[in-house]
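Taking it in order: structure first as structure tokens, then the write-up.
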Amino acid sequence: MCGIVGYIGESQAAPILLDGLSKLEYRGYDSAGIAVYDGENIRVQKAVGRLKVLSELTHDGATMPGISGIGHTRWATHGAPSNDNAHPHYNQTETIAVVHNGIIENYLKLRKRLEQKEYQFLSETDTEVVAHLLDYYYKGDPVETITKIMHRVEGSYALGIIFKDHPGKVYAVRKDSPLIVGHGKDGNLIASDVPAVLKYTREVYFIQNEEIAVLTKENIGFYNVDGEEIQKESTTIDWDINAAEKGGYEHFMLKEMYEQPRTVRDTLNPRIKDNKIVIEELGMSDEEIQAIRKIHIVACGSAYHTGVTAKYIFEGMARIPVEVDLASEFRYRNPILGEEELVIIISQSGETADSLAALREAKAKGAKTLGIVNVVGSSIAREADKVMYTWAGPEIAVATTKAYSAQLVAEYLLAVKFAQVRGKITEEEVGGFLKDLQKLPEQIEMLLGNQEKIQHFANRYIAAKDVFFVGRGIDYAISMEGSLKLKEISYIHSEAYAAGELKHGTISLIEEGTLVAAVVTQEELYKKTISNIVELRSRGAFVLAVTNAGNQEIEKAADYVLYIPQTNKYFTNSLAIIPLQLFSYYVSVGKGCDVDKPRNLAKSVTVE
Ligand code: F6R
């Protein structure tokens, strides 16, 4: 995720671009840049780090005179944060500048073709192909050129473009990445999100897929993919400017939960090609995958919980032994590692001190290492032998939701890939798994639509003192995450237990009315978990069950049932966690807690 802005009008562009970008920093903040037409040339200034570095460098825009320009705040996807990779990107003759939010999926193919035509690339980004492609097709008419590249570029994009030959105009186009146009009194603007323009105007056009906008000082024209002019209605924004950054959501956590369908799609789609799993970044031959003797998954917190789920999947599907360790424990147990072992480090931030230390320990002992990381160019991403990125975008809420979901999906892809290469599943089974994986985003969306029912239920438990989460197998892993979500944001004591283990001590804590959330998605374990539910209820527990659609049996045993749609037994975590996230969120809101910044917690734990 990145943020783009653009301006043309009566005022100096650079200060307005910088101000707009400051409202979009939640979309990315590892580097930033602006391009301004100064009356003769397009000048670009970029800086690595937060936006304030760029603001200082340009004296709040004063060193970049000009009344039209574009800007970008980056969250690295292709290529680490650096000046070269920061946007805007030029064509070779510096007569076109481009900013981009999204992912160009066929950029490698396009880059190869452009290189054959003598185009030289200065960055590792997917965006630079757009600048050169525009140059290649440009014959004097920007709208015609933009329509041509729209037919050639695959993936998602919101682009802001300026052409030196057309100094009085700013161009924008989108597909599957957000883009709005603001109509101001002394100029017009483009942006990835409404907050960036609210200081200048409340009259906004929402650009739809494959629509092009052409801005001049006074006017805005809209065109379709065939270059034909279209009419659009503007909307008057009446939201509060503070709420707008969250896209109208009350908290970042809620917004991020609602981003999960996109996150899952973005992590899956680029790795499924022609019905096959292609994880290019893995860089392992089939022989190397076959030679793996054991997998170690090492992580902290929620990332560790995805690892616990992955253990069941790798072992069940690919028949590879897996050990899962908390990173803070791993290095102190002197793990037995060698070159036939693969150590997978999972981390959203890529900076968690214990996970990084575990990675170094694994490398020192000669194991192969793979990072599953969200932040491009982070320490774990740089130091692991290979890195597989989760495309969740910046996560602002301290409690992870969308990065967790993206990590799960990355692990599913790896497990299916390994199972296939090691001959443990048939091509037909792979096809079935892929079908189920591709249904997940829609199913998650459906579950998120059920929030009212969960909110209503959560309101009953605002005063709860203790809550238990129980399950068996993968359901136990889901319970661990459900329990962590609740305790970290609502400060209610909660524990996750393997359902069969309760009676070995913990069941003595159950009192009349104690809430127990039972996760029951593994069909072969239904009966066993239902017996545990019965035990719990007979001690007074109130049991909320989260189970698969069709498991009506459970209604006789549990007090309250939430159903998730049918999926493969290995992928139920991605669905069952949604109601549990929503439940925690609404309990926290109901208690008046600081949902996005719970007490005593930090987003990235860089101390051991
Ligand atoms: C819980 C949460 C933490 C992180 C943990 C690891 O909601 O966010 O438990 O999962 O601190 O962080 P990363 O993934 O950045 O290594």
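Because the structure is a prediction, the values reported are computed rather than measured. Order of appearance sets the numbers: ligands from 1, and atoms from 1 within every ligand.
Taking the centre of each ring, Tyr497 and Phe468 stay at or above the 6.0 Å mark.
The salt bridge (charged side-chain N to carboxylate O under 4.0 Å, His left out) with Glu341 is formed by just one residue from the set Lys294, Arg293, Lys368; it is Arg293.
With respect to the salt-bridge test (charged N to carboxylate O, under 4.0 angstrom), the residues Glu323 and Arg333 qualify. Taking 4.0 Å as the cut-off between side-chain N and carboxylate O, Arg262 and Glu256 do not count as a salt-bridged pair.
For a heavy-atom separation below 4.0 Å, the residues in contact with ligand 1 are Cys300, Gly301, Ser302, Ala303, Ser347, Gln348, Ser349, Thr352, Val398, Ala399, Thr400, Leu484, Lys485, Glu488.
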Can you check side-chain contact (heavy atoms from CB on, under 4.5 Å) on Tyr570 and Leu437, steps first, answer last? CA-CA 10 Å; Tyr570 290 122; Leu437 284 175; over 6 Å; no

Atom pairs and distances, donor-acceptor, side-chain atoms in residues 369-386, under 3.5 Å, two or more places apart:
residue : atom : partner : partner atom : Å
Thr369  : OG1  : Asp385  : N            : 2.9
Thr369  : OG1  : Asp385  : OD2          : 3.1
Asn374  : OD1  : Thr390  : OG1          : 3.1
Asn374  : OD1  : Ala392  : N            : 3.1
Asn374  : ND2  : Gln348  : OE1          : 3.2
Asn374  : ND2  : Gly393  : O            : 3.0
Ser378  : OG   : Val375  : O            : 2.7
Ser379  : OG   : Glu351  : OE1          : 2.5
Ser379  : OG   : Glu351  : OE2          : 3.4
Arg382  : NH1  : Gly377  : O            : 2.7
Glu383  : OE1  : Arg360  : NE           : 2.8
Glu383  : OE2  : Arg360  : NH2          : 2.6
Asp385  : OD2  : Thr369  : N            : 2.9

